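Below is one structure, written out as structure tokens; comments come after it.
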Amino acid sequence: MTRSILAFVSLWLAAAAPVAAAQDSMPPAPYAYTQLDDPAQEAEAQALMETLRCVRCQSQSIADSDAPMAGDMRSQVRMRIAAGEEPEAIRAWLVDRYGDYISYKPELKPLTWPLFAAPVVLAALAALLLRRRFRKGARTGGDVA
Amino acid sequence: MSAPTPGRRSRWTIWLPLALFIGFVALVAYGLMAPGERDVRSAMVGNPLPQFTLPAGVEGTPGLSRADFTKGEPRLLNIFASWCVPCAVEAPQLDTLAAQGVPIDGVAIRDRSEDIAQFLDRNGNPYRAIGKDDVSAVQLGIGSSGVPETFVIDGEGIIRYQHMGPIMERDIAQIMSEWRKAKEPL
């Protein structure tokens, strides 16, 4: 029993050590945790970063994530904004590389229009049903209620 | 008098909200039980490698640039890191591929030269060239979402295939066939 616990602990240590030692050995990219000097540019970058998905931790935006790769993406975004690139051009650059999944911003496309149309169709259907019901109620003189 | 007729006609609509609700619950249950594909695959397969130049990762092995991939011969581009445990797992398979004559170039992500050297000492060095990518620039440029990943690049610098995660024994045949396929231009 003791031996198996020891074996387990040493296995765990062996597995954990290289990861813990290595992930942090490189400094973060220049603009991963550093804001741009120009507040207007920083605001632009921030707004964009909040709508880009972190590919390592997929329910977080790169603005929220502490994954090293998200830091590298933030740095890339800030440097491109500082160089005068438009936020939507940067988004398009990333979508070209990772597909639509990288962006949180909803886009109206042939594939996505049902998402936008469905609520309108449902509301219209509800209105139609309600109208018929009220008419019927009026006709039978409150018998329905 | 007229009441039974509309009543009978609208009877089925009573079940409509319940049916919608059950449908909705079924959809949610399905979504919870089948989490589906979580890999973010590169959208760059079929497109040319972007321009890049990386300094050498270790002494004695050259650095890497896009020009190395346009010499008429298909190559593997392996994204790895010394701090990545699955990268050590795939090292023997990379050695096997290199021994079969497949040229492999490495891009070391967020890594220090001494750590890369130690990693190669321990796991073998199948690489013709190793570029050091300290800010994941090449990784982002080719739409790779983690380490390790391996790309087949044809002789004209077009990305032809992406393998995500470590290359295991069972993946070697597939990688070899994709590499051979890349000898023919698109």
Side-chain angles (χ1 to χ4, degrees), chain A residues 14-32 52-59 62 67-80 90 92-103 122 125-126 128-129 132-133 135-137 139-141 143-144, chain B residues 1-3 5-7 9-10 13-14 16-17 20 35-47 50 79 81-89 108-116 118-119 122-123 132-147 149 159 162 164:
Chain A
V19 187
Q23 278 269 24
D24 288 11
S25 67
M26 286 297 284
Y31 284 102
L52 292 175
R53 186 189 300 272
C54 167
V55 288
R56 295 309 308 153
C57 28
Q58 292 171 5
S59 41
I62 59 168
M69 196 176 172
D72 289 345
M73 282 172 77
R74 283 197 300 276
S75 191
Q76 177 98 216
V77 164
R78 285 198 173 107
M79 288 195 304
R80 281 164 179 262
I90 302 170
W93 186 86
L94 281 164
V95 168
D96 281 347
R97 272 143 189 84
Y98 291 98
D100 292 332
Y101 193 61
I102 193 86
S103 173
L122 286 176
L125 199 70
L128 198 76
L129 286 174
R132 276 175 53 183
R133 172 138 299 198
R135 278 222 179 133
K136 199 162 55 186
R139 225 179 19 240
T140 52
D143 199 36
V144 169
Chain B
M1 287 280 188
S2 61
T5 318
R9 184 147 42 92
S10 60
T13 52
I14 287 179
L16 201 62
L20 273 174
E37 178 100 359
R38 288 285 154 178
D39 287 343
V40 182
R41 300 200 72 86
S42 173
M44 288 293 279
V45 175
N47 292 318
I79 307 273
S82 69
W83 45 263
C84 142
V85 176
C87 297
V89 172
I109 302 296
R110 305 186 59 80
D111 222 338
R112 292 186 304 182
S113 291
E114 56 266 41
D115 293 335
I116 303 173
Q118 206 180 12
F119 178 84
R122 196 182 302 159
N123 300 296
K132 197 165 162 307
D133 189 358
D134 292 350
V135 292
S136 314
V138 170
Q139 191 173 28
L140 294 174
I142 60 177
S144 150
S145 53
V147 278
E149 271 183 31
I159 302 171
Q162 178 192 24
M164 303 186 80

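Note that the structure is a prediction, hence the values are computed from the model and not measured. Letters A, B, ... are given to chains in the order of the sequence lines, protein chains preceding strands, and every chain is numbered from 1.
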To the nearest 0.5 Å, atom OG of S144(B) lies from atom CE of M69(A) at 5.5 Å
* Within a reach of under 6.0 Å around OH of Y98(A), are more than 12 heavy atoms found that belong to other residues, nucleotides or ligands? -> yes
Problem - L140(B) side chain reached by R97(A) side chain, heavy atoms, under 4.5 Å - result: no
Nearest heavy-atom approach of D96(A) to A43(B) is O-CB, 3.2 Å
Between R110(B) and P68(A), the two heavy atoms sitting closest are NE-CB, 3.6 Å
Per-residue tally against chain A (heavy atom, under 4.5 Å) across G141(B), G146(B), S42(B), A137(B) peaks at G141(B)
Can a donor-acceptor pair be found, under 3.5 Å and without considering hydrogens, that links the side chain of R112(B) to the backbone of M26(A)?
no
